[in-house]
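Below is one structure, written out as structure tokens, with a few remarks after it.
Computed from a predicted model, the values in this text were never measured in an experiment.
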Amino acid sequence: MFGKTLTLLTVAFMYYQCAITAAHQDDVHTVQYTVENFSTEVPKKNHFIMFYAPWCEHCRNLSPTWEILAELLNEEKDARVRIAKVDCTTESSICSKHEVTGYPTLKFFKTGESTGIRFRGTRDLPSLSAFINEQLSSAETDEAEDKPPVPEPVNGLVELTGDTFNNHVSTGSHFVKFYAPWCGHCQKLAFTWDKLAQANSHDDLVSISKLDCTQHRSVCAQFDIKGYPTLLWIEDGKKIDKYSGERSQEQLQEYINKMLKKNSVVPDDDSQEPAEDVVQSVFSLTGDSFQHGIEKGVTFIEFFAPWCGHCKRLAPTWENLGKKFIGRDDVHIVKVDCTLDTSKQLCDEQEVDGFPTLFLYKNGQKISEYSGSRTLDDLYEFVDKYLKAHEEL
């Protein structure tokens, strides 16, 4: 049921460009709500709603993608979510009630709930679909029997579906094959993958599984699967690595051993050479440690999401920026993962609307948002400017 709900990216990307032109012309599939039907219809079903204004350029840019979501989801009879819009220039009372202060504002309303959960990520199809997956998987349901348990392994191999995937990979280490039945390379790998699973069937440290992307496209969209077979190493629900080596059983097993060894490395107490002190250049904060972490000096923070491409590109530069300020107690280079449960509310409170968002704080107060070039020199000059101002006080 859950897997069938979001049949998104694998097919959608193939005709995305063609759909954009048509979507600009008319929102055929998107449900349009007004004050007459909003309060009666929205509680009946999960909804993902765009609050917009017709004159808003960002709204117009998002409209084609929103229409594709609606076409893929609103047409499914058993879809668990409905894609809709509200025009705030004509339905101002609805937008005011739901604290819409900018356009577009995207909110997910769970069945029976009157308060929406705001989407703050990048407004592309993968990010929007991942957010929908996250909200659907966390939505409480009174029909627990509709959520099938993870199937028992057959000779060590677990065959996953859209309904069972997120629960299965949420904890522990997993080596997952994303495939399509018609794919020749997948067919060649099938026997080896079965043998690999059987060889690891008694190992509690790793689970070997597979998922058919032609049947469960939402999961494959969530992990941006663009070719078959794709072999991912997933830990605690997050993609850690993509396997790109040879596909013999021996080499696949070597990869598993390497990944498990990496996760279980412990200090050697018998080592005769003392380990060098590792100086941390970038500190991580969460909602629990945030206020204490920013209360003194100048703090420059990157609010990010692990799946964000721009964040990944910024990561090495951010580390180098931190290294430039090692030894200075009056400046801290920090990062906050907004996808963590302990940080989601913090990112909402700090008005993080996209990733990465770079805010500078001085003695606990937000001073400025950085929107310039993300080169090391420009970032350093930005911090240095506020440091000099701080020193002059």
Side-chain angles (χ1 to χ4, degrees), residues 2-38 41-42 44-92 94-95 98 100 102-111 116-136 162 213 216-222 224-226 307 309 353-355:
F2 176 65
K4 295 175 64 178
T5 299
L6 297 180
T7 55
L8 291 178
L9 293 186
T10 304
V11 174
F13 277 131
M14 298 175 61
Y15 65 85
Y16 178 81
Q17 294 298 328
C18 297
I20 285 180
T21 303
H24 268 303
Q25 297 172 351
D26 190 16
D27 289 344
V28 176
H29 302 90
T30 305
V31 177
Q32 190 84 31
Y33 282 127
T34 66
V35 69
E36 284 77 22
N37 58 5
F38 184 94
E41 293 300 315
V42 172
K44 295 179 181 178
K45 191 182 188 74
N46 294 311
H47 278 76
F48 197 19
I49 300 177
M50 174 168 68
F51 298 86
Y52 74 101
W55 46 260
C56 161
E57 182 178 358
H58 294 298
C59 305
R60 291 198 294 266
N61 291 338
L62 176 59
S63 185
T65 303
W66 202 253
E67 176 63 4
I68 290 173
L69 277 176
E71 181 178 359
L72 291 167
L73 296 178
N74 289 351
E75 296 301 299
E76 291 189 10
K77 294 181 180 179
D78 59 346
R80 290 178 58 199
V81 62
R82 181 168 294 155
I83 308 301
K85 299 173 78 173
V86 172
D87 183 348
C88 289
T89 64
T90 58
E91 313 300 331
S92 58
I94 299 177
C95 300
H98 292 281
V100 176
Y103 309 118
T105 291
L106 313 180
K107 288 193 173 186
F108 190 99
F109 293 79
K110 296 179 182 179
T111 304
I117 300 168
R118 185 169 180 176
F119 172 78
R120 295 186 180 278
T122 52
R123 302 184 189 115
D124 53 35
L125 204 56
S127 302
L128 292 167
S129 62
F131 176 76
I132 293 173
N133 279 332
E134 178 184 349
Q135 297 308 314
L136 288 177
C213 285
H216 311 289
R217 295 192 182 102
S218 63
V219 177
C220 299
Q222 180 181 342
D224 199 21
I225 304 301
K226 295 180 179 178
W307 46 258
D353 289 322
F355 304 119

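Residues Val86 and Val100 are not in side-chain contact: their nearest non-hydrogen atoms beyond the backbone lie 4.5 Å or more apart. Contact check for Met50 versus Leu62: side-chain heavy atoms found under the 4.5 Å cut-off. Arg80 is not listed as a side-chain neighbour of Thr111, based on a closest heavy-atom distance of 4.5 Å or more. Gln32 has its side chain within reach of Asp87: a pair of non-hydrogen atoms, C-beta onward, lies under 4.5 Å apart. Here the side chains of Ile68 and Leu128 are not in contact, with every heavy-atom distance at 4.5 Å or above. A 4.5 Å side-chain heavy-atom check between Lys85 and Pro104 finds every atom pair outside the cut-off. With contacts defined as side-chain heavy-atom distances shorter than 4.5 Å, the pair Cys59/Trp66 does not qualify.
Here the OG atom belonging to Ser218 is positioned 9.5 Å from the CG atom belonging to Leu73, to the nearest 0.5 angstrom. Of the inter-residue distances, the one linking Leu106 atom CG with Arg123 atom CZ reads 6.0 Å to the nearest 0.5 angstrom. Rounding to the nearest 0.5 Å gives a distance of 5.0 Å between CG of Leu69 and CD1 of Ile83. Atom OG1 in Thr105 sits 13.5 Å away from atom OH in Tyr52 (nearest 0.5 Å). For the atom pair Lys44 NZ and Arg82 CZ, the distance stands at 8.5 Å (nearest 0.5 Å).
Nearest heavy-atom pair, Ile49 versus Val42, reported as atom, atom and distance to 0.1 Å: CD1-CG2, 4.0 Å. In terms of heavy-atom proximity, Ala70 sits nearest to Thr30 at CB-OG1, 3.4 Å. Between Phe51 and Tyr103, the shortest heavy-atom distance links the atoms O-CD2, 3.9 Å. Across Gly162 and Val219, no two heavy atoms sit closer than the pair CA-CG2, 3.8 Å.
With salt bridges taken as basic N to acidic carboxylate O contacts below 4.0 Å, none links Glu57 and Arg60. Between Asp353 and Arg118 a salt bridge is recorded (basic side-chain N to carboxylate O distance below 4.0 Å). Between Lys226 and Asp224 there is a salt bridge, with a side-chain nitrogen of the basic residue lying less than 4.0 Å from a carboxylate oxygen of the acidic one.
Between the side chain of Gln222 and the main chain of Ser129, no donor-acceptor pair closer than 3.5 Å is present.
In summary, of the residues considered (Phe108, Phe38, Tyr33), a ring-ring contact (aromatic ring centres under 6.0 Å, His included) with His98 occurs for Phe38 alone.
Ring geometry for Phe131 versus Phe48: interplanar angle of 30 to 60°, hence tilted.
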Take Asn46 and Ile132, measure what side chain to side chain contact (heavy atoms under 4.5 Å, CB included) needs, and give me the verdict at the end. CA-CA 10 Å; Asn46 294 311; Ile132 293 173; over 6 Å; no
Please evaluate residues Glu91 and Thr34 with respect to the criterion side chain to side chain donor-acceptor pair (under 3.5 Å), reporting the C-alpha separation (whole Å), side-chain torsions for both, the decisive distance (0.1 Å), and the verdict. CA-CA 6 Å; Glu91 313 300 331; Thr34 66; 4.9 Å; no
